[in-house]
Structure formats: structure tokens, C-alpha cells
**Student:** 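Sending over a structure as C-alpha cells; questions will come in a sec.
Reminder, nothing fancy here: chain letters follow the sequence lines and each chain counts from 1. Being a predicted model, the structure only gives us computed values, none of them experimental.
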There are 2 protein chains.
Amino acid sequence: MRPTVHDIAASAGVSLATVDRVLNARPGVRAVTRAKVEAAIERLGYVRDVAAANLAKGRIYPLVFIIPEGENPFMRGLEAEVRQAMDRVTFDRTSISVVNVPPFDAHALAAAIDAAVAGEVAGIAAVAVDAPEVVDAIDRAHAEGVAFVTLVSDLASSRRDHFCGVDNVAAGRTAGSLMARFLGDREGPVAVLAGSMRVRDHSERLSGFSAVMAEAGCGRHVLDVLEGQDDPVRARALVARCLAEFPGLAGIYSLGAGNAGLVAALEAAGRPGLCVIAHELTPPTRAGLESGIVDAVLHQDAGHEVRSAIRVLRAKADGMKPVAAQERIRIDIFIKENLPPPDPETGTALAGEG
Amino acid sequence: MRPTVHDIAASAGVSLATVDRVLNARPGVRAVTRAKVEAAIERLGYVRDVAAANLAKGRIYPLVFIIPEGENPFMRGLEAEVRQAMDRVTFDRTSISVVNVPPFDAHALAAAIDAAVAGEVAGIAAVAVDAPEVVDAIDRAHAEGVAFVTLVSDLASSRRDHFCGVDNVAAGRTAGSLMARFLGDREGPVAVLAGSMRVRDHSERLSGFSAVMAEAGCGRHVLDVLEGQDDPVRARALVARCLAEFPGLAGIYSLGAGNAGLVAALEAAGRPGLCVIAHELTPPTRAGLESGIVDAVLHQDAGHEVRSAIRVLRAKADGMKPVAAQERIRIDIFIKENLPPPDPETGTALAGEG
DNA sequence: CTGTTAGCGCGTTCAA
DNA sequence: TTGAACGCGCTAACAG
């Protein structure tokens, strides 16, 4: 059997309370006594039973996830993952709630953060918008001792504790590299469809993509960015106009949402041979891959991001280790052939690590 | 606060013991009493605290992972993931041990399975070899009530409870599709380097790859399979000879291990423009991607597989739900641009879900 | 500074 | 068929 607090108390010749004080780094223990206890811990190879500890302390950790509302399928999948995680974390004495805010709205986001802080939560996860008032709100949370992680889109200039998301510059580079390889010698410029340059993930992807396109051995012209606000209707109109305007277009890189509009415009135009790369495996992009309209989809695993955020927030709230640096999220590449079966539960279209 | 057994006992007007009997479906409760309790459970929305339950019952679940020995980097990474998981699952009252067997050795594997069963374990995870005696051993484990999952390589004809690994036919198809796209109009046959056709994962990958190569719109010739036994030295020799024999070779698909030999042979030969696709992100394939010798690497997340195996085995040992069908493992695609930073802990070269 | 004691939510004897 | 009492490993009051 594994050694318990009793064993180490006996072995060190002290009482359980003293052992507990040492374990939890609480004051009121002489250095000599502490050394004895620590020796016993080392000697017996003691590791504390976290479940029992949580059970005993009874404290619960309230976390808040702030997620953009609206019909963006990726965000809806993200929210579904959060709701699914709620059940799984109860044993960890963690309770999660979700708050929705209008997309791209810095003011609303800042207000939501302040409200959560006022609500005495232990930690906050939010999809950041790049604006000074958001930075201020995050810094206020930090000042109040509330753990904070940015989700999907980062805000490195703030005092957030961690970023749960992909390296979006690398994602853009990946898209560029695939586009270049798929196009080969084919001539023509490429278009970029984005949501808004006011979120960091979009602007970072663009910079990575543009960099590859400009590099030696590629040298392909990138047209002006089309900003569709992640709205399918606007995206469709922008893409349709672009297709009409540039008959020689070789490819389209869609780095935001609103992909339902993109796919619709492409279907209507019927332009085989056009290389299309999009982000996030959602119902529209999945359909595009299956029909052959979309060549590749870059993806981030929302479930992984959510679980990572929970772990980091809990650790921070507990004052635990300086956050596991291993929480890096992969940039997934999907083509028609490695498309995973859809997940009926979350709609994220991905089988997920439980 | 969440309702506890006390609450539902009070609400139902019975004692805790009765509530417990109902919760654990034990006999000795009148139908009427049971109904009252179930009504209370429903009414209060009670969910049992698994951590506390495990703490109370004190039972511990011994699991065994049987993994091929030798220098196959993927297998070593897999084992590292298992060892890393050991610490994390102690709170779950699960203890894991690792057993090594010679690779591709059906007899040794069957013996190891029998030994584990004799050792009264709760569950076994093993990398299967395709042989009747292995099927028999798995079926014996099943008969003894020991949960069994195949890991990485399946044996669907046995009575294993679950397979923790990727769809290898789809992985082969993915490789084929990427190869076709990367090659474009370039002429020439492609070679396939495998470990052994006696493990299902290798043979399935080959069939998927060959199918795509034979399909309309591709029609590329696939040379006879080179079987390198996942040994770098043999692999190197085989590839070197093949390169010499076929100057017009367009690509190589390496679907097994031994990739250190493949990369070495390619470096020595210096054949730019050759499209190379390999499996599993390990030190040699990572180096190949970084140097540009390898174009793409298909990967399965060993950490994910291990954690999934543990969850499934635990659930089965507890007689829980008929196994979450959601435990599907993704086929990851890596190119130079989306290469994750190496993980110093496991050597699996992947940031991993903790 | 240190030790005693009473739970946390649940499972499991034993009696009734 | 039912109930009371104890313990799992740990934390947190309170004493000393």
C-alpha cells in the first residue's frame, strides 16, 4: 500500500497536524521538525492523495469561460466542449459557468471580465479581443488574484497567466506551405478571407501566410485581405466578387470563420482547380472537404484547449507549480482522407480526448 | 452545495445504507423502498462523488501494458507515455506496470498475456501481433474477466474489448493522397518501406496507400514492398539498393519504423525532389522534416492512446458503461511548418494533453 | 510551536 | 429488509 500521512507522522515521530503543516507549507513549524518530516516524506516516497485532500477541504473552485455568442460554428463547438467538461470536473471540486458576449466587442468583453471578478471566481478563461480596455480588465483580474487564461486568441501584452491556443503565425505558415505545394507550378495570385484584423489570431495567421508566400521559391502575389466579420453572408458576397474580378485566381486562404459563405460562393461559381485552405473543422468546412471544394483544413482541438485551460486555471488557483509548459496545442491538418468521424455530442466534428 | 447521500436518505425517509444499496444495485431492498430512493435521487439531481467512493472502497486496479522492446523510437515513446501516466492515475486508484516482449514475437506476447492474467490484473493493454496464439491468449483473458485493449495494432478477430489506435487503412489513404498531390504531374514509380506484414497496422496502411495509387486520376506504379523489420540497418540497405535500381523513382512511403535508416540512405544518395512520407514523429523523422529530406509525417498521438487505454480499461474493470465510442485517435499530419516543439519528458516529440 | 479531534462523501461491516 | 457505526486519506478547527 502507498504510505499515508499516518505513516510519515509515525516515521517522523510527530503528529498528523504537523505533517499537514509541512505538506501545505503552512507556518508554525520549527525548522528541525520540518526537516524530520521532509526526511520521512522522502524516505517513504510519500505522494499526497489529491482526491482525498480535495474531499477534506471541501472548497470548490468556480471558473468562468467567456465565449463570443453568434453562429460562428467553431465558437459553438468550443462552448459545447466547455459544457461537456463541466460534468467531468465535479470530482475535482471545480464548477464551471459560461458567459456569452458579442463577438469582436471589446467593451462587452471587458465588462464581462469585471463582472466575473466581482463574482469572486477563482479563474477566468476568455477569447481575447485586441483592445486596451480588455488589457486593463485582465490586469484588474490579475491584481485581484484571479487566475486568467486567454483562449484561442491571445493578448500577450496583458498580465494573463497563460495562453491556451495554437501558434497562429505557425498556422499561417503551414497554410502557406501547403498552398505552395498543392499549387506547384500553377500561376496566379491568391486571396485571403479573414474575419477581423482586430483579433490577434487572424492577424497572426495572415502574417505567417504572407511571409511564406513572399519567400524565395514561391513568390506568389497575395491580394488585399477580405474582411468578412466571420459572417457567412458578407463572406459569400466578398468571395463572389473576388472570383469575378480575378479570373486567374489560383487559391483562397480562409483564416477566420464564415466558411459557410465561402463554400456557398465557391459552389455557385464552380471553379475546379482552385486551391482552397480554411481553418477549423466545422460542419461547413467538413462538407467542403468531403465534396472536394476545400483542399485542406487547419484545425485546433477545442476540447484540448478547454481541458488545458481548466488544468492551468486550477493549478494557478491552487498556487501550484508555475504552470506546465507542456500544455501546447497542436496545429491539426485535415484532408479528405484523414477526416475523423463527426462527434454527435459536441458538433466539433472531432473525436476528443476524454 | 451538491446533494449527498445524506440528503437523499433524508428526503426519501430511509437510511444511508439503503441509499447505498440502491446506488450500487445491490439486493436486499424492497421495490417500493427502491422506488422512493430513486425518486429522491431524481428529484435532488444527485450525482455520486466518484473520488469519495473510490477513497472509501480502497480497491485498487492493477493494469498491465505489454510493449515491444528494442530501439523502435515510437515504441520507446509509447512506453515513456505509459510511465508518465503512472503518476497521474494514482488518484484514480489505478496502478500500472509495463512488460516488455520481443517485437513481432507472437509466442512471447501470448506468454506475457497469460502471465498477466495469472497475476490477477484488472486489465491488459498490448500491441498485438497477428497470430492465432495471440488471439487465443486474448480470448483466455476475456474468459477470465480481464479487460483487454489492443494498442496501436489491432486484432479484430479476437475478443478484445476495444482498440486504441488509428484507422490504419485511412492513414495509408492519407499518405497516398498527400503523395499524389505533392508529386503532381511528376512521372515515376513509388516505393514502400515496411517493417513486417505480420502486424496489422503495417498491412492495413499498405492497402490504403495502394488503393489510392491505383485510383483514377493517379494511376501510379507501386514497387514491391521492402520489409525492413523496423531495423534501421536493414532499412538503410534496402532503400539504398532501391534508389540505385530505380533512378526514376518519384517517391518513398515508409509505413513502419526504422526511419533512421531511411533518412541515412537518402542523405547519402542526395536525391532532391524525391517525395518522402513517413510514419510517427520520432527523432529521425523530425530531423528529416527539419532538413527537408522528409516531406510529411503521419502520426498517432501515443499519449492520447495510452490515456484512452487507461480510461477504457478502468471503465471495463468497473463494469461501467459499454465503453465510450468517442475514444477515437486522430491521424495527425506534420510538415515542417506545423512541427510542435519536442517534449523533453517523453521523447515522443509532442506536446501532450496532460 | 505542537497535538487531538471531528468531519468531507462514500462503502462496508455488523446488528437489529 | 433495514439501520448504526466505523474507516478511507486528508484538512481544519480547537486545545495544550
**Student:** Tell me whether the side-chain N/O atoms of Asn24(A) come closer than 4.0 Å to OP1 or OP2 in dT11(D).
**Tutor:**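 For dT11(D), OP1/OP2 do have a side-chain N/O of Asn24(A) under 4.0 Å.
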**Student:** Within a reach of under 6.0 Å around CZ of Arg43(A), are more than 12 heavy atoms found that belong to other residues, nucleotides or ligands?
**Tutor:**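 Atom CZ in Arg43(A) is crowded, with more than 12 foreign heavy atoms closer than 6.0 Å.
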**Student:** Atom OG in Ser15(B), atom CZ in Arg21(B): separation rounded to 0.5 Å?
**Tutor:**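 So the gap between those two atoms works out to 6.5 Å.
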**Student:** In whole Å, what is the span from the CD1 atom of Ile8(A) to the C1' atom of dT2(C)?
**Tutor:**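 Going from Ile8(A) (CD1) to dT2(C) (C1'), I get 15 Å.
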**Student:** Under 4.0 Å from OP1 or OP2 of dG3(D): is there any side-chain N or O of Thr18(B) that close?
**Tutor:**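 Yes, such a contact exists.
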**Student:** Please determine if a side-chain N or O atom of Arg26(A) lies less than 4.0 Å away from the OP1 or OP2 oxygen of dA12(D).
**Tutor:**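 Looking at the OP1 and OP2 atoms of dA12(D), one of them is under 4.0 Å from a side-chain N or O of Arg26(A).
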**Student:** Would you compute the distance between atom OG of Ser95(B) and atom OH of Tyr61(B) and round it to the nearest 0.5 angstrom?
**Tutor:**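 Those atoms lie 12.0 Å apart.
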**Student:** Measure the distance from CG on Asn54(B) to P on dG9(D) and round it to the nearest whole Å.
**Tutor:**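 Rounded to whole Å, this separation is 13 Å.
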**Student:** May I ask you to check whether Ser11(B) and Asp7(B) show a side-chain donor-acceptor distance below 3.5 Å?
**Tutor:**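 There is no such pair (donor and acceptor under 3.5 Å, judged by atom type) between the side chains of Ser11(B) and Asp7(B).
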**Student:** On DNA chain D, nearest-nucleotide positions of Ala56(B) versus Pro27(B): which is more 5'?
**Tutor:**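 In this pair, the answer is Pro27(B).
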**Student:** Ignoring backbone atoms, test whether Arg21(A) places a side-chain nitrogen or oxygen under 4.0 Å from the OP1 or OP2 oxygen of dA12(D).
**Tutor:**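 It does not, given that no N or O in the side chain of Arg21(A) lies less than 4.0 Å from OP1 or OP2 of dA12(D).
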**Student:** Using only atom types and a distance under 3.5 Å, with no angle test, would you say the side chain of Asp161(B) pairs donor to acceptor with the backbone of Phe148(B)?
**Tutor:**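 Side chain of Asp161(B) to backbone of Phe148(B), a donor-acceptor pair under 3.5 Å: yes, one is there.
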**Student:** Which residues within residues 28-38 of chain B lie with some heavy atom under 4.0 Å of an atom in DNA chain D?
**Tutor:**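 Under 4.0 Å from DNA chain D: Gly28(B), Val29(B), Arg30(B), Thr33(B).
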**Student:** Under 4.0 Å between a side-chain N/O of Thr4(B) and OP1 or OP2 of dG9(C), yes or no?
**Tutor:**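 For dG9(C), OP1/OP2 do not have a side-chain N/O of Thr4(B) under 4.0 Å.
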**Student:** Any idea which of dC10(D), dT12(C), dC10(C) is nearest the Ala17(B) side chain?
**Tutor:**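 Closest of the options to the side chain of Ala17(B): dT12(C).
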**Student:** Taking the side chain of Arg48(A) as its heavy atoms from C-beta onward, which of dG9(C), dA4(D), dC10(D) lies nearest to it?
**Tutor:**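 Ranking dG9(C), dA4(D), dC10(D) by closest atom to the Arg48(A) side chain puts dC10(D) first.
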**Student:** Just how far, in rounded Å, is C1' of dC6(D) from CG of Asp20(B)?
**Tutor:**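 These atoms are roughly 14 Å apart.
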**Student:** If we ignore hydrogens and angles and just use 3.5 Å, is the side chain of Asn54(A) paired with the main-chain N or O of Ala51(A) as donor and acceptor?
**Tutor:**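 Looks like no, no N/O pair under 3.5 Å.
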**Student:** Given atom CG of Leu16(A) and atom P of dC8(D), what is their separation to the nearest angstrom?
**Tutor:**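 After rounding, the gap between these two atoms is 12 Å.
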**Student:** Among residues at least two apart in sequence or on other chains, which ones pass salt bridge (charged side-chain N to carboxylate O under 4.0 Å, His left out) with Arg83(A)?
**Tutor:**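 Residues passing salt bridge (charged side-chain N to carboxylate O under 4.0 Å, His left out) with Arg83(A): Glu79(A).
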**Student:** Please report, rounded to the nearest Å, how far the C1' atom of dA5(D) is from the NE2 atom of His6(B).
**Tutor:**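 Whole-Å distance recorded here is 11 Å.
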**Student:** CG of Leu55(B) versus P of dG11(C): gap in Å, rounded?
**Tutor:**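 Rounded to whole Å, this separation is 11 Å.
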**Student:** Could you give the CG-to-C1' distance, from Asp49(B) to dG11(C), as a whole number of Å?
**Tutor:**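 The answer, rounded to whole Å, is 13 Å.
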**Student:** For the side chain of Lys57(A), counting heavy atoms from C-beta on, which of dC10(D), dT11(D), dC8(D) is nearest?
**Tutor:**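 Selected nucleotide: dT11(D).
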